[in-house]
Visitor: 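Before anything else, here's the structure in question.
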Amino acid sequence: MGIDHKKISKFLSLVLRHRPDKIDLQLDKEGWAVTQELLEKAKKHFPQLDTALLTEIVESNDKQRFSFNSDGSRIRASQGHSLTVDLGYSPKLPPEFLYHGTVEKFLDPIKQNGLLKMSRHHVHLSRDTDTAIKVGSRRGKAIILRIRAAEMHKDGMQFYESENGVWLTDQVPASYIEFK
Ligand code: HQG
């Protein structure tokens, strides 16, 4: 990913997940922005950003963080919002185990309160440990927690899988977490 791509991707995360007001962008209740409006309003920050570059950034994004609707007229972040949005994902049966990457300093509070969504919409979990290691490593030495997801589901808790393969749930009570 080139420097421009990375900068623009971070900017897209900011305005599509957290602060559309920064550029006076409107998101609908499902989190969609009108692509042309985004391009227009992003111009001040990234004069080079046009439909072709935006498409390239969306398609090459390492985590497929953004998606267009079917005709490309709208764009949204596939997960990771702090804004209230209804992404419209349907509840789904999770695999037996899901993984969460965190760091040592959060272990005690997680043992106490389980995994909480903190400032985001959901707790983020992954199907594989590699992804969890990457997520945890953003904050230091990663510690991987294994979550008994199928058991949570059996006990009535709901799971969603975002368009880019992130598993989402409201919270994970400590009793379903394997701390090793
Ligand atoms: C921790 C990035 C104390 C939790 C990543 C985490 C991911 C608690 C932090 C995505 C806690 C929240 C999400 C509790 C959870 N007490 N700490 N009870 N429960 N925590 O960033 O999962 O690049 O909101 O362990 O790659 O780290 O933005 O969540 O360390 O996919 O697309 O509180 O964000 O993706 O941090 O990361 P976050 P996360 P993007």
Side-chain angles (χ1 to χ4, degrees), residues 1-20 22-23 25 27 30-33 38 42 54 56-68 75-85 87-89 92 94-95 97-149 151-152 157-180:
M1 192 165 32
I3 292 172
D4 266 16
H5 276 44
K6 186 149 192 179
K7 267 195 176 159
I8 295 172
S9 171
K10 282 191 177 294
F11 171 82
L12 293 174
S13 285
L14 175 72
V15 300
L16 294 175
R17 289 172 168 179
H18 310 294
R19 298 291 309 272
K22 283 253 180 205
I23 56 167
L25 181 69
L27 302 189
E30 297 177 339
W32 295 105
L38 171 68
L54 181 65
E56 194 182 313
I57 288 169
V58 169
E59 286 175 357
S60 66
N61 189 262
D62 56 347
K63 287 169 72 180
Q64 295 291 299
R65 289 179 180 85
F66 316 106
S67 63
F68 290 110
I75 180 170
R76 74 176 180 181
S78 295
Q79 38 70 227
H81 300 79
S82 55
L83 291 167
T84 303
V85 287
L87 294 171
Y89 297 133
K92 195 168 169 182
F97 298 111
L98 287 169
Y99 299 89
H100 179 84
T102 189
V103 285
E104 173 84 36
K105 67 175 178 193
F106 294 148
L107 283 184
D108 278 342
I110 292 173
K111 282 180 184 159
Q112 201 80 30
N113 305 312
L115 283 172
L116 303 176
K117 51 192 171 182
M118 312 307 277
S119 62
R120 305 207 193 228
H121 242 225
H122 291 97
V123 171
H124 289 216
L125 303 171
S126 59
R127 185 184 277 280
D128 60 284
T129 50
D130 279 2
T131 305
I133 290 169
K134 278 191 202 135
V135 171
S137 301
R138 287 151 56 236
R139 298 201 157 80
K141 184 174 178 301
I143 292 187
I144 306 308
L145 305 176
R146 190 164 86 159
I147 315 297
R148 291 197 297 276
E151 196 180 319
M152 284 177 64
M157 283 160 264
Q158 289 192 324
F159 287 81
Y160 305 87
E161 187 183 12
S162 71
E163 193 170 330
N164 58 339
V166 178
W167 282 85
L168 307 168
T169 193
D170 278 341
Q171 57 162 310
V172 181
S175 56
Y176 298 92
I177 305 173
E178 297 177 358
F179 291 95
K180 278 199 283 230

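Atoms within each ligand, like the ligands themselves, are counted from 1 in listed order.
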Visitor: Quick check on His100 - does any of its heavy atoms sit under 4.0 Å from an atom of ligand 1?
Guide: yes
Visitor: If you look at every heavy atom in Ala149 and Pro95, which pair is closest and at what distance?
Guide: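 For Ala149 versus Pro95, the nearest heavy atoms are CB-O, 3.5 Å.
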Visitor: Just so I know, are the side chains of Arg139 and Thr102 near enough to count as touching, which here means a heavy-atom distance under 4.5 Å?
Guide: no
Visitor: Are side-chain heavy atoms of Leu12 and Asn61 found at a separation under 4.5 Å?
Guide: no
Visitor: Could you work out, for atom 36 (O) of ligand 1, the closest of Lys105, Lys111, Arg139 by heavy-atom distance?
Guide: Arg139
Visitor: Identify, for atom 38 (P) of ligand 1, the protein heavy atom at the shortest distance, and state residue, atom and that distance.
Guide: Arg120 NE, 3.4 Å
Visitor: Verify the distance criterion only: is there a donor paired with an acceptor across the side chains of Gln79 and His122 at less than 3.5 Å?
Guide: no
Visitor: Provide, to 0.1 Å, the distance between atom 1 (C) of ligand 1 and the closest protein heavy atom, together with that atom's residue and name.
Guide: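 Protein heavy atom at minimum distance: Phe106 CD1, 3.7 Å.
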Visitor: To which of His122, His124, Arg138, Lys10 does the heavy atom nearest atom 37 (O) of ligand 1 belong?
Guide: Arg138
Visitor: Heavy-atom contacts with Leu115 under 4.0 Å: which atoms of ligand 1 show up? List them by number with element.
Guide: 15 (C), 19 (N)
Visitor: For the residue pair Arg76 and Tyr89, would you count it as a cation-pi contact if the rule is NZ or CZ under 6.0 angstrom from the ring centre and within 45 degrees of the ring axis?
Guide: yes
Visitor: Quick check: Leu116 and ligand 1, any N/O pair under 3.5 Å apart?
Guide: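 In this structure, Leu116 places an N or O atom under 3.5 Å from an N or O of ligand 1.
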Visitor: Measure across Ile23 and Ala42 and return the closest heavy-atom pair with its distance rounded to 0.1 Å.
Guide: CD1-N, 4.5 Å
Visitor: So, regarding Val166 and ligand 1 (criterion: nitrogen or oxygen to nitrogen or oxygen, under 3.5 Å), is there a contact or not?
Guide: no
Visitor: Which heavy atom of Ile144 sits nearest to which heavy atom of Gly101, and what is that distance?
Guide: CD1-CA, 4.0 Å
Visitor: Looking at Pro109, which atoms of ligand 1 are within less than 4.0 Å of one of its heavy atoms?
Guide: 3 (C), 16 (N), 18 (N)
Visitor: Check whether any N or O atom of Asn113, backbone or side chain, sits under 3.5 Å from an N or O atom of ligand 1, and answer yes or no.
Guide: no
Visitor: Over all heavy atoms of both residues, which pair between Met152 and Pro173 is shortest? Give the atoms and the distance, please.
Guide: CE-CD, 4.2 Å
Visitor: If I compare all heavy atoms of Arg17 with all of Gly80, which pair ends up nearest, and what's the gap?
Guide: CD-O, 3.5 Å
Visitor: What atoms of ligand 1 come within less than 4.0 Å of a heavy atom belonging to Thr102?
Guide: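 Once the distances to Thr102 are compared, the set is 4 (C), 25 (O), 30 (O).
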Visitor: Have a look at ligand 1 and work out which part of Lys134, if any, has a heavy atom under 4.0 Å from it: side chain, backbone, both or neither.
Guide: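 Contact part for Lys134 vs ligand 1: neither.
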Visitor: Tell me: protein heavy atom nearest atom 23 (O) of ligand 1, and distance?
Guide: Arg65 NH2, 3.0 Å
Visitor: Quick check on Ser126 - does any of its heavy atoms sit under 4.0 Å from an atom of ligand 1?
Guide: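 So Ser126 does not count as touching ligand 1.
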Visitor: So which bit of Lys63 gets within less than 4.0 Å of ligand 1, heavy atoms only: side chain, backbone, both or neither?
Guide: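 Contact part for Lys63 vs ligand 1: side chain (C-beta onward).
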Visitor: Report yes if the side chains of Val172 and Leu145 come closer than 4.5 Å at any heavy-atom pair, otherwise no.
Guide: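 They are not in contact (no side-chain heavy atoms under 4.5 Å apart), so the answer is no.
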Visitor: Considering only non-hydrogen protein atoms, determine which one is nearest to atom 33 (O) of ligand 1 and report residue, atom name and distance to 0.1 Å.
Guide: Met118 CG, 3.4 Å
Visitor: So does Lys22 have more than 12 non-hydrogen atoms from other groups sitting under 6.0 Å from NZ?
Guide: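 Check fails, neighbour count at 12 or below.
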Visitor: If you measure from each non-hydrogen atom of Arg17 to ligand 1, which part falls under 4.0 Å: side chain, backbone, both or neither?
Guide: side chain
Visitor: Could you pull out the closest heavy-atom pair between Leu87 and Ala77, with the gap in Å?
Guide: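 So the two residues come closest at CD2-O, 3.9 Å.
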Visitor: Can you name the atoms of ligand 1, numbered from 1 with element, that are less than 4.0 Å from a heavy atom of Gly114?
Guide: 14 (C), 18 (N), 19 (N)
Visitor: Any N/O of Ser119 closer than 3.5 Å to an N/O of ligand 1?
Guide: no
